[in-house]
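One structure is given here, and the rest of the page talks about it.
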Amino acid sequence: MSTRRPLLIAFLILSQWGSAHEGMWLPTLLKGIEGDMHTAGLRITAEDIYSINNGSIKDAIVHFGGGCTAEVISKQGLILTNHHCGFSAIQEQSSLENDYLKNGFWAKDKAGELRNPGLTATFIIRMEDVTDRILPNIPAEANTTEAQRRDAVGKLGEAIAKEAIAGTHYQAVVRPFNYGNSYFLIVTETFRDVRLVGAPPSAIGKFGGDTDNWMWPRHTGDFSIFRIYAGPDNKPAEPSDANVPFVPRHSLPVNIAGANEGDFAMIFGFPGSTQRYLSSYAVDYVLNTADPLRIKMRSASLDVIDAAMRSNDKTRIQYADKQASISNAWKKWIGEVRGLKELRTLDRKREQEALYIDRALKLGRTDLQEVLPTLKNLYAEYVPLATARDLFVEMVYYGPEILRFADGFRELTEEHVRLVGEGKFEAKAAERSAALPGFFKDYDVEVDKRVFKALLPIYRASVPVSGQPAVLKEIDARFNGDSDAWVDDLYTRSVLVNEASIAAALRLKPKKYAKLLANDPVYKASRSFFKSFLEQVRPQHAALGDRIETAMRTYVKGMMEMEPERTFWPDANSTLRLSYGKVEGSTPRDGVVYGAHTTLDGVVEKHIPGDAEFDVPKRLLELQATKDFGEYGVNGTMPVCFTSSLHTTGGNSGSPVLNAKGELIGLNFDRTWESTMSDIQFDPDKCRNICVDTRYILFVVDKFAGAKHLVDEMELVRTNASAGIPGIIQLPIHR
Ligand code: ARG
Ligand code: ASP
């Protein structure tokens, strides 16, 4: 046994269950909080939730497409996730003739289910604390830079992962937690044939659109249904007709008795990232620089895109996915700024830091006394670079698409001589040509140009001098400072903004092609943006980021050592986590009380005929008018959404919300606007996650879409898990 037993994760389980429901817990450590969960109302065991030897609930939890969560809801590999998580797939399958975004899609039978190349579904086979195989083997800290440390950890981790999957078809990685104070091995199984089975029309799946996004009361049926296919041996296989529906180790029973306010609830999924332990210097940056700037950039592009989407259907379909991804974070940041201010997070951080230094002084811990002043100095240097980086990302990755598109021609242009020498030029050019229709299908040059014009002035006013792309000098030199005229000129002269012109360019002889591109104004602008970022921003940004990481490792370790009474949980990092709490409403602001449930009555209240966000399908109105709810209704109403006090973040979308017995009661898809600061500070009175009620999902599938055959695949439960005689029950899922 190593003498350096880990240590920090252990604090998680030793410390008391403190403030209400904060925390995203590692499933391997649930045994340590099992007692607290039972007190809170859980009626099954930690082993029922996560077991490596037996089937357990974790075997029904899917990392969907890398960014969302999904869950298995039938023995034939049916999985449930959000409409917004399946959105790209649904959009990809849509056209003006078959507009599945607008009309919904329901496969009549398995043969009608649609394949989605590139879409993956990943299960967690097991997780294991390997801290004591990593930390003792890193060369002494004193003479190791963060980069060297990362390298050393990378090699150690690779060896551990390799050993873990020898002789299997699994994948494995070793991931850092708590800024590299601990490490976990994660063994996974990834399926690559994931087919679209059903999706409601956007008027249900995205009802309320961006107006209601991040808001309560909510009435969105944000779900879609897919199916995992496996090879005949039930193992992952490339997409093929020979594949068959995957037989899961566990599928979640679907509860249609619903949950009452106060009932125990838990959520199991893949939260992306939180920053619970940030210093005041970092919070200051987020609150006063990063968020305001990013909000400003996105407000400008959304003005353009929203107007264009309203003006015609083609643009609406083309830009639906892009608009959703731009607007989602934009609105979240607005809520985050408001929440951080209301909670006085910056002041609180400063108070905590003063206490931290006090404690360190009393304990004579010089290492810890210095860490906050170090962070302060590092942030002073870091902020201008981080700002330049944020602006680059906003401009090039969320701004005019042509800048990124042009970058796709870089190798072919800069390295045409080498490619010709290796006989690879033609194949590469053909690859580019083949990708053109995909890009231009969803591209509107006029919209793109307007986005460019809207963002450029904000970008120029805020980017630090050291990060300015050289090409922007042309605006003063040649266009008298008129950035709109500069943009017009780029788009007029470039071959990249037109499918036929760039296709023709790709048919030229290599030398001619390269000369044409190298002189293309959009290509040159794109190169200049990338070059200034890659050369003037990224290296220093990364170096400072590394030094901040080193300091944060010490800072957080110090917190855990000096405050053993406090509850610590490792920040989310896209690994499997469980949060628990209850179904409950909230008091988000003075004088405001939110109820926990919404119903179809509210959909009708919000109905605006013909509106892009609030129109309601006729069939839904009919079902509501006749109260034709099947067995899913309650006392003449149809439940739609509910809130619970579960700590969640981006990536938790599509996560199952489970009752005391581990049955599905809801599908997580959002947080209330008053919750969005929870990535940095969780507030038990305000923070609520928003779920679609399973009864609404089944009602839409069965009564609205007539896809009862899908409901027939599921195991339905008709009793409330928190009702009846209290106590722990035996779950019949072990095999
Ligand atoms: N806010 C939710 C999340 O962060 C839902 C986003 C999708 N909905 C939308 N109207 N854009 O993913
Ligand atoms: N809507 C988010 C997601 O897609 C969830 C959240 O941020 O609360 O993961």
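For the numbers below, each heavy atom of this structure counts, side chains included, while hydrogens, waters and symmetry mates do not. In listed order, ligands and their atoms are each counted from 1. Counting from 1, the numbers follow the sequence of the chain as shown.
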Identify the closest protein heavy atom to [atom]: which residue and atom is it, and at what distance?
{"atom": "atom 7 (O) of ligand 2", "value": "R671 NH2, 2.8 Å"}
{"atom": "atom 2 (C) of ligand 1", "value": "D670 OD1, 3.2 Å"}
{"atom": "atom 4 (O) of ligand 2", "value": "S653 OG, 2.4 Å"}
{"atom": "atom 3 (C) of ligand 1", "value": "N328 ND2, 3.4 Å"}
{"atom": "atom 8 (N) of ligand 1", "value": "N213 OD1, 3.7 Å"}
{"atom": "atom 9 (O) of ligand 2", "value": "G651 N, 2.5 Å"}
{"atom": "atom 12 (O) of ligand 1", "value": "H84 NE2, 2.9 Å"}

Scan V197, V701, L196 and name whichever one has a side-chain contact (heavy atoms from CB on, under 4.5 Å) with W106. V701

Mark up the atoms of ligand 2 that fall under 4.0 Å of a heavy atom belonging to N652, in ascending order. 9 (O)

Just heavy atoms, cut-off under 4.0 Å: does F669 contact ligand 1 by side chain, backbone, both, or neither? backbone

Of the side chain and backbone of K206, name the one, both, or neither that has a heavy atom under 4.0 Å from an atom of ligand 1. side chain

Could D99 and R316 be called an ion pair, given the rule that one side-chain N must be under 4.0 Å from one carboxylate O? yes

Where on [X] is there a heavy atom closer than 4.0 Å to ligand 2, on the side chain, on the backbone, on both, or on neither?
{"X": "H84", "answer": "side chain"}
{"X": "W214", "answer": "side chain"}
{"X": "N328", "answer": "neither"}

Verdict with supporting geometry, K322 and D442, salt bridge (Lys or Arg N to Asp or Glu O under 4.0 Å): CA-CA 9 Å; K322 301 172 204 170; D442 293 334; 5.6 Å; no

Identify whether NZ of Lys or CZ of Arg in R276 sits under 6.0 Å from the centre of the six-membered ring of W569 and within 45° of that ring's axis. no

Measure the distance from the SG of C641 to the SG of C691 and say whether it is below 2.5 Å. no

Whether H250 side chain and A60 backbone form a donor-acceptor pair below 3.5 Å: no

Has the side chain of S653 got a donor or acceptor atom that lies under 3.5 Å from a matching backbone atom of C68? no

Has S653 got any heavy atom lying under 4.0 angstrom from an atom of ligand 1? yes

Taking only heavy atoms of G209, which atoms of ligand 1 are found under 4.0 Å from at least one of them? 10 (N)

Ring-ring centroid check F699 Y632, cutoff 6.0 Å: no

So, for F64 and F226, is the gap between ring centers shorter than 6.0 Å? yes

Given D679 and R671, is the salt bridge (Lys or Arg N to Asp or Glu O under 4.0 Å) satisfied, shown in steps? CA-CA 11 Å; D679 294 350; R671 281 169 283 170; 3.0 Å; yes

N/O to N/O below 3.5 Å, does that happen between D222 and ligand 1? no

